[in-house]
Amino acid sequence: VVQHCVSCLGAVVNKVTQNYKFVWACFNRYYGALSKLKSQHQEDPNSTILTANKPALLRSLFTVGALCRHFDFDQEDFKGNSKVNIKDKVLELLMYFTKHSDEEVQTKAIIGLGFAFIQHPSLMFEQEVKTLYNSILSDKNCSVNLKIQVLKNLQTYLQEEDTRMQQADRDWKKVAKQEDLKEMGDISSGMSSSIMQLYLKQVLEAFFHTQSNVRHFALNVIALTLNQGLIHPVQCVPYLIAMGTDPEPSMRNKADQQLVEIDKKYAGFIHMKAVAGMKMSYQVQQAINTCPKDPVRGFRHDESSSALCSHLYSMIRGNRQHRRAFLISLLNLFDDTAKTEVNMLLYIADNLACFPYQTQEEPLFIMHHIDITLSVSGSNLLQSFKESMMKDKKKERKPSSDEETESDSNSGSESESEEEASKPRRLRRQVDSDSDSDEENDINAVMKCLPENSAPLIEFANVSQGILLLLMLKQHLKNLCGFSDSKIQKYSPSESAKVYDKAINRKTGVHFHPKQTLDFLRSDMANSKITEEVKRSIVKQYLD
């Protein structure tokens with residue numbers, strides 16, 4: 001009510017009666033009350049008078065701000081020939097109460113500031129304001145209400161600017177014939193552009209907040225900023241991709257809509273930032289994930305079980321070159337040298353498993369690249385595992401240089417049992433027909449050769465998750481699309497596009513469930529103590 005009253009008063013006084021003295025008296029009543037409360041608070045922050053006067057304080061903070069929004073008290077009409085700078089005085093007063101211990105007071109002071117900044121946007125460049133806004137936005141422990149209020153302030157400022165610009169546009173059309181084009185409208189859009197550059201990073205970071213209403217207001221501010229063309233959109237693309245995975249449909253659609261707009265104006269931007277966007281969307285999902293025990297997954301838990309980043313993929317898939325580059329960059333994250341954390345790999349594998357592929361070429365291309373990665377990374381991994389078993393044995397057997405010859409022959413016999421352990425199961429199956437006990441024997445044989453130091457084992461378990469996920473992903477795509485081995489073998493990426501342009505016949509009820517990786521994450525194996533059981537499961541991984 002107060003807000004609308006002041007707004008109407010602004011219209012009546014500014015446009016019709018010009019009874020400025022009346023408004024000045026009204027402003028001074030509230031301003032005076034605030035000054036008095038400030039000096040009382042400075043004398044004794046715990047005084048009981050302040051508690052009794054809290055309603056008056058809250059109302060004064062709000063109303064002083066609201067009056068400053070609609071009247072420029074630094075004009076002579078108001079303050080006469082006084083040399084006092086009113087807007088700085090108001091800023092100082094309101095800033096004082098943003099440091100108050102009571103959150104309700106802080107919130108009202110911030111609301112008041114927001115109002116004042118609409119009349120005098122240049123105040124947002126003040127160092128203390130920058131510090132206040134950015135610290136509230138970026139501080140993890142800061143109250144949600146304050147964060148939302150700062151975002152709302154920026155939102156209201158941008159909405160007002162928008163209305164102002166449209167009005168200026170209408171006024172301009174009336175006088176366009178006699179005027180010179182050059183100065184119109186540049187000044188205010190230049191100002192709001194500089195202001196948004198100051199706060200942009202912190203507003204974007206607010207996307208990673210657990211509470212959906214913080215994300216909601218951050219997205220509104222970014223959408224307004226983009227629609228008014230105040231910043232270069234490329235820096236927002238990864239964040240918008242990330243917001244496209246939000247659980248709330250209205251937010252997803254808004255983010256996706258912004259991406260579509262950007263894509264229309266600037267071709268190639270989306271593709272350029274796609275991988276960064278996928279990584280960021282994982283961070284958003286981590287923030288939203290309420291149960292830290294459960295690994296973050298990359299598909300929607302509903303009947304569609306679509307990939308969280310399916311909209312991103314559908315924007316890129318139309319351009320074959322972009323699509324392939326994007327898929328290869330994602331698959332490269334699984335390489336053991338990329339050192340990507342396991343849960344992020346699971347998240348990306350989930351997306352790759354559920355993307356909305358349309359032609360056979362898409363999954364075949366992925367499987368083809370999985371095979372290439374496996375042939376290199378996979379064999380390197382197995383090699384390093386074998387070496388860690390052998391190195392240890394050699395070390396134990398090397399007491400001094402005299403026994404060098406003997407130790408050589410010893411390590412020779414060692415590596416035979418090594419060979420035995422790492423022989424493929426097929427070869428040994430002929431000897432032993434009972435395959436269950438066969439697997440037991442395999443595990444026991446390798447268990448004997450394990451090194452004393454278990455660090456390489458855990459390292460292997462960690463690094464091999466990427467390889468295991470790729471194996472599972474390939475199997476999943478094969479089941480999903482019903483491809484035969486020979487079809488996968490025959491595929492060549494350099495083949496003309498037409499050959500594989502056929503639509504995919506998806507099988508229903510095929511779900512991607514990489515059990516080993518889920519177990520690895522749930523049991524937090526990367527940080528667990530090495531027990532016999534953990535050793536056995538790692539050996540089983542190696543044999544798989």
Side-chain angles (χ1 to χ4, degrees), residues 193 196-197 199-208 215 218-219 221-246 251-287 298 306-335 337-341 344-345 347-352 354-359 361-363 365-366 368-369 372-373 493 497:
S193 173
M196 284 322 295
Q197 302 283 359
Y199 299 109
L200 183 69
K201 179 125 180 52
Q202 281 71 18
V203 174
L204 287 168
E205 295 291 326
F207 282 3
F208 304 128
R215 301 197 300 275
L219 185 59
V221 171
I222 294 301
L224 284 163
T225 309
L226 287 169
N227 294 340
Q228 293 178 32
L230 301 180
I231 52 170
H232 197 299
V234 74
Q235 47 203 342
C236 296
V237 170
Y239 291 92
L240 290 169
I241 293 172
M243 277 307 272
T245 66
D246 197 280
M251 308 238 268
R252 289 206 289 276
N253 299 340
K254 191 165 190 169
D256 291 348
Q257 194 48 50
Q258 293 294 329
L259 285 173
V260 171
E261 292 298 318
I262 292 174
D263 197 40
K264 273 188 212 150
K265 287 186 201 143
Y266 309 89
F269 266 18
I270 309 296
H271 156 250
M272 192 162 85
K273 293 287 184 191
V275 178
M278 285 272 296
K279 288 180 173 173
M280 242 177 223
S281 70
Y282 169 68
Q283 289 175 282
V284 167
Q285 292 304 315
Q286 262 185 321
S306 56
L308 288 178
C309 295
S310 55
H311 179 256
L312 170 67
Y313 182 77
S314 56
M315 288 181 78
I316 291 179
R317 72 164 289 284
N319 177 325
R320 182 173 165 179
Q321 194 185 350
H322 284 178
R323 176 180 77 221
R324 288 184 159 189
F326 173 57
L327 291 171
I328 286 178
S329 317
L330 290 183
L331 291 170
N332 285 345
L333 296 172
F334 290 84
D335 189 330
T337 53
K339 297 270 186 280
T340 315
E341 62 165 299
M344 188 192 272
L345 290 179
Y347 176 78
I348 289 170
D350 278 341
N351 274 290
L352 286 166
C354 305
F355 274 155
Y357 304 116
Q358 291 179 10
T359 61
E361 204 278 332
E362 299 162 59
F365 178 79
I366 292 176
H368 175 79
H369 272 275
I372 295 174
T373 311

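Small disclaimer: the values here were computed from a predicted structure and weren't measured.
- None of His369, Met278, Lys279 except one satisfies the side-chain contact (heavy atoms from CB on, under 4.5 Å) rule with Leu330; the exception is Met278.
- The distance from atom NE2 of His368 to atom OG1 of Thr373, rounded to the nearest 0.5 Å, is 9.5 Å.
- Phe207 is linked by a ring-ring contact (aromatic ring centres under 6.0 Å, His included) to nothing, counting only residues two or more places apart in sequence or in another chain.
- Checked by atom type and distance alone, the side chain of Gln285 pairs as donor or acceptor with a backbone atom of Thr245 at under 3.5 Å.
- Rounding to the nearest 0.5 Å gives a distance of 10.5 Å between CD of Gln286 and OG of Ser281.
- Applying the side-chain contact (heavy atoms from CB on, under 4.5 Å) test to Ala349 and every residue at least two apart in sequence or in another chain returns Phe334, Leu469, Phe512.
- Nearest heavy atoms, Ala274 versus Leu312: O-CD2, 3.9 Å.
- Legend: residues meeting side chain to side chain donor-acceptor pair (under 3.5 Å) with Asn351, ordered by chain and number and at least two apart, are absent.
- Applying the side-chain contact (heavy atoms from CB on, under 4.5 Å) test to Thr340 and every residue at least two apart in sequence or in another chain returns Leu333, Ala338, Met344, Leu345.
- Partners of Gln358 according to the side chain to side chain donor-acceptor pair (under 3.5 Å) rule, which considers only residues two or more places apart in sequence or in another chain, are Arg317.
- For the atom pair CG of Leu331 and CZ of Phe326, the computed distance is 10.0 Å after rounding to the nearest 0.5 Å.
- Annotation for Arg252 and Gly244: closest pair CD-O, 3.3 Å, computed over non-hydrogen atoms.
- Counting heavy atoms from C-beta on, the side chains of Arg320 and Phe365 never come closer than 4.5 Å.
- With sequence neighbours left out, Tyr313 forms a ring-ring contact (aromatic ring centres under 6.0 Å, His included) with Phe355, Tyr357.
- By the side chain to side chain donor-acceptor pair (under 3.5 Å) test, Thr359 is found to be paired with Glu362, residues two or more places apart in sequence or in another chain being considered.
- To the nearest 0.5 Å, atom CG of residue Leu308 and atom CG of residue Asp350 are 8.0 Å apart.
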Got a list of side-chain donor-acceptor pairs under 3.5 Å for residues 255-264, not counting sequence neighbours?
unit_1	atom_1	unit_2	atom_2	d
Asp256	OD1	His311	ND1	3.3
Gln257	NE2	Glu261	OE2	3.4

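- Ile270 approaches Ile241 most closely through the heavy-atom pair O-CD1, 4.5 Å.
- Shown here are the side-chain contact (heavy atoms from CB on, under 4.5 Å) partners of His322, two or more places apart in sequence or in another chain: His271, Ile316, Asn319.
- In this structure, the side chain to side chain donor-acceptor pair (under 3.5 Å) partners of Lys254, at least two apart in sequence or on a different chain, are Asn220.
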Enumerate donor-acceptor pairs with a distance under 3.5 Å from any side-chain N or O in residues 226-240 to protein atoms, sequence neighbours excluded.
unit_1	atom_1	unit_2	atom_2	d
Asn227	ND2	Ala223	O	3.2
Gln228	NE2	Leu158	O	2.9
His232	ND1	Val234	N	3.2
Gln235	NE2	His232	O	3.2
Tyr239	OH	Glu205	OE2	3.0

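- Considering OH of Tyr282 and CD of Glu341, their distance stands at 3.5 Å, rounded to 0.5 Å.
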